[in-house]
Every structure is written in C-alpha cells, then in structure tokens.
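Quick caveat: nothing in here was measured; it's all calculated off a predicted structure. Numbers restart at 1 for each chain; the letters A, B, ... are given by sequence-line order, proteins then strands.
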There are 2 protein chains.
Amino acid sequence: MFIKNLPHKTVERLSQYRRALLMILSKEKTHVFSHEIAQMLHITPVQVRRDLMLIGYSGNLRKGYDIKELIELIGKIIDSERGQRVAVVGLGNLGKAFISYFKGKRSKLSMIAAFDINPEKINRVFDGVPCYHINQLPEIIKQNNISIGIITVPSEQAPEIAESLVLSGIKGILNYTPKPLNVPAYVYLEEYDMITSLEKVAFFAKKNDERFK
Amino acid sequence: MFIKNLPHKTVERLSQYRRALLMILSKEKTHVFSHEIAQMLHITPVQVRRDLMLIGYSGNLRKGYDIKELIELIGKIIDSERGQRVAVVGLGNLGKAFISYFKGKRSKLSMIAAFDINPEKINRVFDGVPCYHINQLPEIIKQNNISIGIITVPSEQAPEIAESLVLSGIKGILNYTPKPLNVPAYVYLEEYDMITSLEKVAFFAKKNDERFK
DNA sequence: GTCGACATGTTAATAAAATCACATCAAAAA
DNA sequence: TTTTTGATGTGATTTTATTAACATGTCGAC
Ligand SMILES: NC(=O)c1ccc[n+]([C@@H]2O[C@H](COP(=O)([O-])OP(=O)(O)OC[C@H]3O[C@@H](n4cnc5c(N)ncnc54)[C@H](O)[C@@H]3O)[C@@H](O)[C@H]2O)c1
Ligand SMILES: NC(=O)c1ccc[n+]([C@@H]2O[C@H](COP(=O)([O-])OP(=O)(O)OC[C@H]3O[C@@H](n4cnc5c(N)ncnc54)[C@H](O)[C@@H]3O)[C@@H](O)[C@H]2O)c1
C-alpha cells in the first residue's frame with residue numbers, strides 16, 4: 001500500500017504507534033482512543049488523529065480505533081510487501097544489544113547476518129543470527145538480497161564498511177558510529193549518536209530546572 | 001551563557017557540530033568553513049551559518065570559523081557551568097555500550113555510577129564506572145547529586161526505575177526501553193527506540209529504491 | 001587599484017509540522 | 001424523545017524549521 005508524501009515525522013510515529021499498540025494488544029482490550037495512544041507517546045490526541053487520517057484510517061466514534069486493524073494497516077504502509085533483510089556489521093556491545101532486542105519482534109524485517117573480524121565471534125550464532133567474517137560481506141549481502149545494514153564497528157572502520165555495503169547493493173544504512181559517512185543519494189542514511197541524545201537531555205533538564213525553580 | 005529560546009533542532013545540531021569539530025581538530029587545521037561542517041552532517045551550509053548566528057558566533061570571512069573557539073562557545077551554551085552527573089541503570093549490553101562509548105569523551109557530563117541487580121556486576125568497576133546494587137540507587141543519586149539517568153534495564157522494570165529516579169531527585173531521563181514512561185513535567189524525558197530508526201530506514205530505503213529505479 | 005571569486009551574516013520567503021476550533025456523530029442519560 | 005457527553009475527522013491557523021536571496025566583506029590575480 002502506498003500513500004504519497006507521508007511526512008517524515010508521521011512515518012516515525014506510525015512505527016511508534018505500532019510498537020505501543022502491540023504492547024497493549026490483548027483479548028480484553030480490542031479498541032483504543034486517540035488520547036490513550038497520545039498519552040503513551042507524550043503527544044497530543046489531535047496529532048494521533050491527524051496521522052491516522054493521513055493513512056486513511058477511520059475509528060469507531062464510540063469505541064475508538066480497532067487495535068488489530070490499525071496494527072495491520074500500519075504494517076501495510078510502512079513495511080515492504082516482500083520484506084526486507086537486515087545485517088549488522090560489528091558484533092560488539094551495541095551490535096549484540098540490537099540483535100537481542102530485535103529478536104522475537106514482529107516483522108517483515110528479518111535479521112539475516114552479522115559480520116565481525118574477531119575470530120571468536122565468527123562462525124557462531126548469536127541469538128539466532130549467524131556471524132560471518134567481514135570479508136564475506138559482499139558475497140553474503142548479495143546472496144541473501146540484504147537491503148539494510150547497521151554499522152556498529154569501531155568508528156575508524158565505519159567509512160570502509162559503508163563503502164563495502166554500498167558496493168554490495170545495500171539500500172539503507174543505519175550508522176551508530178560517530179563518524180560521518182558519505183553515501184550516494186540512492187542509499188538512505190540515518191545516523192544516531194547517543195551522546196547527542198544525552199546532551200540534549202542535559203540541556204533541557206538544566207533549562208527545566210531553572211524554569212520550575 | 002544563556003540564549004533565550006534556542007530551537008530544539010539547533011540544540012541538537014550544536015551537539016553534533018561539536019562532535020564533528022572535535023574530530024577534525026588538529027594543529028594543522030584550525031579553521032573550518034560552513035560548507036565543510038555541512039557536508040559532514042549532511043545538511044546545508046546555510047543551516048550551519050544560521051545556527052551559529054543564533055548563538056552569536058562570527059567567523060572569519062576568509063578563513064571560516066575558528067574550530068577551537070567554536071567548540072568552546074558551544075560548550076558555554078549547551079553545557080551546564082557546574083557540570084552534570086549521569087548514571088546508567090542496567091549494565092547489560094546497551095548500558096555497557098553507552099559507558100564504553102562515553103569514556104574519554106569531553107565533558108561537563110560525568111558518568112558517576114551504574115546500577116544493576118545482577119550480583120556478578122555489583123561492586124565492580126566497568127570502564128571506570130562503579131556498579132552498585134539497585135537498592136542503593138536513591139542514596140547514591142542524592143549523595144552525588146546526579147541529575148541525569150539513563151535507563152537500560154529490561155523493559156518491564158523501566159517504570160519502577162523511572163519512578164525511583166524521579167523520587168531521588170533526577171532532572172532528566174534518557175529511556176532506551178520501549179516501555180513508555182510517565183514522569184512529572186519538571187523532569188525532561190527523551191525516549192529512543194532502535195527499531196523505530198530501523199523501520200524508518202526500511203521505509204525510506206524502499207521509497208528511494210522505487211524513485212531511483 | 002579594481003575586479004572576480006568566494007566566504008559570511010541576515011532578512012525574507014517557503015515549507016513542514018503541530019495545534020486550534022469546530023462540525024459531526026453515536027450512545028447514554030434524562 | 002430529547003439532551004448531554006465525549007469521541008472522531010478535518011479545514012484553518014499558528015508555530016517551527018528550512019531554504020532562498022542577497023548585501024557585505026576579504027583577498028588574490030591581473
Ligand atoms: N552512536 C552511539 O549511540 C554509540 C553508542 C555506543 C557505541 N557507539 C559506537 O558504536 C561502535 C561500536 O560500539 P561497541 O560498544 O559495540 O564497540 P565494541 O568494541 O564492543 O564492538 C565493536 C565490534 O566490531 C568488531 N570489528 C572491529 N573491526 C571490524 C571490522 N573491520 N569489520 C567488522 N567488525 C569489526 C569488533 O571485533 C567488535 O566486535 C563504536 O564505534 C562506538 O563508538 C556508538
Ligand atoms: N531502545 C533501544 O534502542 C534498545 C536497543 C536494545 C535494547 N533495548 C532495550 O534496552 C534494555 C536493555 O537491553 P540490553 O540488551 O542491554 O539487555 P540486557 O539483558 O543485556 O541488560 C539488562 C541489564 O539490566 C539488569 N537488570 C535487570 N533488572 C534490573 C533491575 N530491576 N534493576 C537494575 N538492573 C536490572 C540486568 O541484570 C542486565 O544487566 C531492554 O529493555 C531492551 O529491550 C532497547
């Protein structure tokens with residue numbers, strides 16, 4: 001299912017809605033109100049309703065939104081119909097955290113492979129995901145039609161890993177390294193840095209503190 | 001130093017600028033142009049100049065911006081003068097990843113303590129950070145005047161940890177758990193979920209793929 | 001010296017995101 | 001029945017963020 005020009009922020013929230021809905025889904029509770037979703041995510045009910053409007057979903061005026069239906073619809077919109085395959089490069093603390101968190105989650109996304117350079121990790125299976133030597137990356141990526149790569153190697157290695165991923169035909173990269181990467185325009189790149197998040201919290205915590213004093 | 005109403009996004013980028021600048025700082029290279037910063041972070045030079053304008057920094061028309069000066073100024077704005085102390089709750093994969101990444105980074109932010117419930121981790125030092133039993137949390141937080149908490153425990157435990165942090169007087173929380181938390185308005189809360197990032201990449205990778213075909 | 005190349009700094013315009021305000025409706029209560 | 005309550009859906013508006021446009025300034029080449 002395709003909806004033209006869904007705003008970036010809406011896409012992000014749809015993913016969050018789904019996560020939150022999966023969490024409260026149960027036999028007893030089949031419906032949910034916009035203000036309930038809103039409260040969970042610390043946003044306004046209007047925002048929720050507007051997002052759902054954009055994806056063309058209508059709730060029941062008296063009961064709210066059908067949780068199961070909504071989860072499915074969100075899937076139809078943000079997931080790729082044929083599924084997408086994912087690999088993690090760098091099976092250290094962060095790589096492991098990701099894989100173990102990912103395990104057992106829903107999905108059209110499947111975690112297919114990990115890569116590392118450390119012999120102790122290679123040819124072993126971590127949380128259901130096999131780890132290969134980094135040299136095998138191009139081969140495995142192509143063979144399995146993996147389209148998304150997550151980079152969690154030490155930052156100095158990040159650029160060469162990114163290049164290798166791109167050359168192997170990857171379509172999207174999620175970079176957890178603080179090293180800024182350069183990729184062609186047809187590859188979608190997202191970067192995240194924990195310290196930026198922390199500094200943001202620090203800044204607004206300090207500001208809040210002054211305000212509420 | 002205080003600048004009224006710095007936009008959220010600008011605060012975020014200032015942190016990123018500093019990180020990038022620290023990375024390229026060297027004896028040979030003392031100055032940098034807005035387009036160089038922009039390229040590293042995949043934004044436009046105008047955006048960079050505008051942000052720097054907002055914090056009142058002027059560059060040299062011919063040489064660009066003085067890297068050292070700029071790093072310092074950003075610090076004056078986003079850091080708290082007296083410094084802020086940080087604790088990590090849950091010393092698992094993610095908690096460790098954070099601490100080891102944090103180590104050796106600049107800072108008015110100091111990582112003071114970790115907390116866990118696993119006896120094997122308690123009373124040991126990980127990457128310079130001592131780990132205490134979770135029961136000691138209120139005491140240690142208060143004693144050390146820790147104002148920021150990072151939550152990386154299993155998600156079921158997150159709400160009680162958050163409550164305990166709030167009761168101990170914390171000012172900001174960074175939650176890596178997928179469980180939505182509720183905290184009073186005077187506590188700044190930031191939540192991050194890797195899977196949302198991944199799903200975003202997946203969505204735009206798929207979209208890009210169609211566009212460039 | 002003056003011209004061209006190329007930065008910065010800033011105002012104005014545009015775009016993106018969030019919110020307001022209210023029409024609409026379904027069910028419970030009167 | 002009729003009224004009240006409390007939800008959804010959405011155009012209009014406001015706020016926030018980004019980009020365009022350009023005035024200004026510096027230096028090197030000619
Ligand atoms: N951005 C963030 O939020 C954040 C947070 C923590 C860590 N980090 C960064 O993420 C990266 C990983 O952190 P970590 O704590 O997991 O580190 P780690 O040292 O635990 O893991 C790195 C892994 O990469 C492997 N590796 C090294 N070189 C490799 C190569 N050429 N090819 C494949 N694998 C290779 C290592 O064997 C190791 O298993 C670091 O760059 C760190 O700075 C980022
Ligand atoms: N949001 C994300 O991006 C993301 C990514 C990966 C993991 N996670 C989440 O982060 C959390 C931690 O992930 P992980 O891979 O580090 O898990 P982990 O199991 O490796 O670590 C959890 C740690 O918390 C400790 N712990 C358990 N109960 C505790 C309590 N009551 N008090 C103090 N400590 C306690 C455990 O002993 C363990 O050391 C999980 O909730 C996971 O779902 C989130």
| Separation of C/dA7 P from B/Asp66 CG (nearest whole Å) | 18 Å
| query | Is the B/Tyr192 ring parallel, tilted or perpendicular to the A/Tyr192 ring (thresholds 30°, 60°)? | reply | parallel
| message | Tell me which residues in residues 38-54 of chain A lie within less than 4.0 Å of DNA chain D, going by non-hydrogen atoms. | response | A/Val46, A/Arg49, A/Arg50, A/Met53
| message | Does the plane of the ring in B/His8 sit parallel, tilted or perpendicular to the ring in A/Phe204? Use 30° and 60° as the thresholds. | response | parallel
| Can you tell me how far C1' of C/dT8 sits from CG of B/Leu70, to the nearest Å? | 14 Å
| said: With a 4.0 Å cut-off on N to O distance, would you call A/Lys96 and A/Asp116 a salt bridge? | reply: no
| Can you check the A/Tyr57 OH to D/dT8 P distance for me, whole Å? | 11 Å
| Charged N-O contact under 4.0 Å between B/Lys179 and B/Glu156 | no
| query | Taking NE2 from B/His35 and C1' from D/dT19, how many angstroms apart are they, rounded to a whole number? | reply | 18 Å
Sub-3.5 Å pairs of nitrogen or oxygen atoms, protein against nucleotides 26-29 of chain D:
unit_1	atom_1	unit_2	atom_2	d
D/dT26	O2	B/Arg62	NH1	3.0

| query | So, B/Thr152 side chain and B/Gly90 main chain: donor-acceptor pair closer than 3.5 Å or not? | reply | yes
| task | Give, for atom OG of A/Ser110 and atom CD1 of A/Ile146, the distance between the pair rounded to the nearest 0.5 Å. | result | 9.0 Å
| field | Residues in contact with DNA chain D, drawn from residues 12-23 of chain B - heavy-atom cutoff 4.0 Å | value | B/Arg13
| Nearest-Å distance for atom pair NZ/P, residues B/Lys9 and C/dA17 | 8 Å
| query | When we call it a touch if two heavy atoms are under 4.0 Å apart, what does B/Ser34 touch: a base, just sugar-phosphate, or nothing? | reply | sugar-phosphate
| query | Rounding to a whole Å, what distance do you find between A/His31:NE2 and D/dA7:C1'? | reply | 13 Å
| field | Atom-to-atom span, NE2 of B/His8 to P of C/dA17 - whole angstrom | value | 16 Å
| About how many Å separate CG of A/Leu14 and CD1 of A/Ile3, when rounded to the nearest 0.5 Å? | 8.5 Å
| task | Report yes or no: does A/Arg85 contribute a side-chain atom to a donor-acceptor pair with the main-chain N or O of A/Leu109 at less than 3.5 Å? | result | no
| Spacing between B/Ile55 atom CD1 and C/dT8 atom C1', to the nearest angstrom | 14 Å
| field | B/Asp79 side chain vs B/Glu81 backbone, donor-acceptor pair below 3.5 Å | value | no
| Are A/Glu72 and A/Arg18 ion-paired here, with the side-chain N under 4.0 Å from a carboxylate O? | no
| Sugar-phosphate only, base, or nothing, as touched by A/Thr10 at under 4.0 Å among non-hydrogen atoms | nothing
| said: Looking at B/Glu69 and B/Asp66, would you say the former's side chain and the latter's main chain have a donor-acceptor pair under 3.5 Å? | reply: no
